[in-house]
Amino acid sequence: MTILVTGARGQVGGAVLAQLLAAGQPVRVSSRDPRSADFPAAVEVVRADLTDPASLPDALAGVGKVFLYAHPEAAADVAAAARKAGVGHVVLLSSSSVVWRDAAANPIAMRHAVVERALDEAGLDHTFVRPGYFATNTLRWQSIRTDRLLRTAFPDATSSPVHERDIAEVAVRALLDDTYRGTAPLVLGPGPITIREQVAAIAAALGEPVRLEQVDRETYRAEQLTQLPEPLVDRLLQNGGTVPALPAELGADATAEILGRPATPFADWARDHAADFR
């Protein structure tokens with residue numbers, strides 16, 4: 001049974017691909033430009049663009065399962081093509097934001113909800129993997145790489161970053177174990193941890209000091225707008241820089257239950273990504 005992995009150049013998709021190959025699974029990867037793809041020789045690479053319905057039938061031919069990145073603009077077309085191709089199970093990289101009470105006003109939640117709904121309406125068996133705040137968002141802190149400095153208005157703001165490896169392991173478990181069909185596991189990071197503590201963890205991973213400079217809210221907002229959409233920046237400011245932890249009544253982290261171990265600490269993520277800050 002061939003498994004199609006979309007988004008295999010992404011942090012999560014790349015980890016999903018590596019783990020499936022390690023498990024000895026036949027894997028196909030979709031790419032908009034297969035000629036520029038750089039994947040292991042064991043991987044079948046096909047041209048497909050999730051926003052181009054005409055490219056989907058060939059990519060899905062003979063595929064039993066799909067790891068899918070969310071593309072709301074073409075969600076209905078992708079779901080219909082997967083159904084027509086006889087795909088038996090789709091594991092979607094969704095978001096924990098869809099279970100928050102304000103999901104209807106959250107742009108991230110709305111994008112993922114569209115894809116979840118499309119898979120539901122197509123009648124496809126699915127697993128919705130719903131991660132929390134990605135530790136890889138920290139890669140935006142490229143001033144650490146260039147100047148060994150992070151400027152923020154909120155050094156003691158907190159988040160609970162989740163390692164992309166944990167997300168990928170849960171997704172792979174769902175692809176290989178039919179127990180998780182019809183489920184929507186939350187994959188949350190340990191924490192909370194402050195920005196100050198995250199910077200210290202990156203410094204420790206680098207073996208070099210990293211300065212933390214506190215700036216005013218307007219300077220912070222202006223700098224964030226160079227990286228994030230305005231609604232997300234305004235939400236961040238409203239929360240004092242904190243990415244709130246999911247309230248227990250809205251769902252529990254499934255990482256330990258599915259993987260049999262706790263979520264990966266941020267310090268481990270920092271060591272795994274030290275090269276990105278060098």
Side-chain angles (χ1 to χ4, degrees), residues 5 7 10-20 22-23 67-70 91-100 103 106 108-109 112 116 127-141 144 154 156-177 179-181 183-206 236 239 241-277:
V5 177
Q11 295 280 352
V12 178
V16 167
L17 173 62
Q19 291 174 31
L20 287 173
F67 173 73
L68 182 65
Y69 267 63
V91 174
L92 173 69
L93 180 60
S94 187
S95 167
S96 64
S97 62
V98 300
V99 305
W100 282 84
N106 183 323
I108 295 175
H112 289 88
E116 289 192 2
T127 304
F128 299 149
V129 177
R130 293 171 171 167
Y133 185 75
F134 281 37
T136 51
N137 288 328
T138 311
L139 295 175
R140 293 198 303 264
W141 297 350
I144 293 180
F154 309 108
D156 295 307
T158 60
S159 61
S160 299
V162 57
H163 198 307
E164 68 274 8
R165 184 172 61 235
D166 289 359
I167 304 168
E169 284 189 29
V170 170
V172 169
R173 189 67 59 90
L175 286 164
L176 301 182
D177 185 345
T179 301
Y180 300 104
R181 289 191 185 215
T183 66
L186 292 167
V187 187
L188 309 178
I193 180 173
T194 66
I195 289 177
R196 192 186 305 276
E197 291 167 332
Q198 291 177 59
V199 170
I202 294 170
L206 289 170
L236 198 59
N239 292 330
T242 286
V243 180
L246 187 72
E249 64 269 21
L250 296 182
D253 184 14
T255 305
E257 177 185 351
I258 294 175
L259 302 183
R261 61 166 177 80
T264 304
F266 183 81
D268 288 17
W269 181 91
R271 285 190 289 271
D272 290 341
H273 287 271
D276 293 313
F277 294 100

Ring pair (Phe, Tyr, Trp, His ring centres under 6.0 Å) filter on Y69, not counting sequence neighbours, yields F67
By salt bridge (charged side-chain N to carboxylate O under 4.0 Å, His left out), which residues pair with D156, not counting sequence neighbours? R196
So, do L93 and P131 sit near enough that their side-chain heavy atoms are less than 4.5 Å apart? yes
Once you round to the nearest 0.5 Å, how far does CG of L175 lie from CD of Q19? 10.0 Å
Between P161 and N137, is any pair of side-chain heavy atoms under 4.5 Å apart? no
Salt bridge (charged side-chain N to carboxylate O under 4.0 Å, His left out) partners of R173, counting only residues at least two apart: none
On a heavy-atom basis, the closest approach of A103 and A109 is O-CB, 3.5 Å
Residues forming a salt bridge (charged side-chain N to carboxylate O under 4.0 Å, His left out) with R181, sequence neighbours excluded: D125, D178
Once you round to the nearest 0.5 Å, how far does CZ of F134 lie from CD1 of I167? 4.0 Å
Minimum-distance pair of heavy atoms, taken over all atoms of L186 and L246: CD1-CD2, 3.5 Å
Listing request: all salt bridge (Lys or Arg N to Asp or Glu O under 4.0 Å) pairs with a residue in residues 256-271, at least two apart in sequence or in separate chains. D166-R261, E169-R261, D268-R271
To the nearest 0.5 Å, atom CG of N106 lies from atom OG of S97 at 5.0 Å
Side chains of S94 and E116: any donor to acceptor distance under 3.5 Å? yes
Interatomic distance, CG@L20 vs CG@L176, rounded to 0.5 Å, equals 6.0 Å
Are R165 and W269 side-chain neighbours, meaning at least one heavy-atom pair lies under 4.5 Å? no
Indicate yes or no for a side-chain donor-acceptor contact from T242 to the backbone of T158 under 3.5 Å, with no hydrogens or angles considered. yes
Please work out whether the ring planes of H273 and H163 are parallel, tilted or perpendicular, with thresholds of 30° and 60°. tilted
Below 3.5 Å, can you tabulate the donor-acceptor pairs from side chains in residues 197-206 to any protein atom, sequence neighbours excluded?
from : atom 1 : to   : atom 2 : distance (Å)
E197 : OE1    : T194 : N      : 2.9
E197 : OE1    : T194 : OG1    : 3.3
Q198 : NE2    : S159 : OG     : 3.3

Taking all heavy atoms of G13 and all of V5, pick out the closest pair and write down the distance. O-CG1, 3.9 Å
Least distance between heavy atoms, A245 atom then S160 atom: CB-OG, 4.5 Å
Would you please test L188 and T255 for side-chain contact (heavy atoms from CB on, under 4.5 Å) and show each step? CA-CA 7 Å; L188 309 178; T255 305; 5.6 Å; no
Heavy atoms, side chains only, cut-off 4.5 Å: are W100 and P247 in contact? yes
So V129 and Y180, side-chain contact (heavy atoms from CB on, under 4.5 Å) or not? Walk me through it. CA-CA 10 Å; V129 177; Y180 300 104; over 6 Å; no
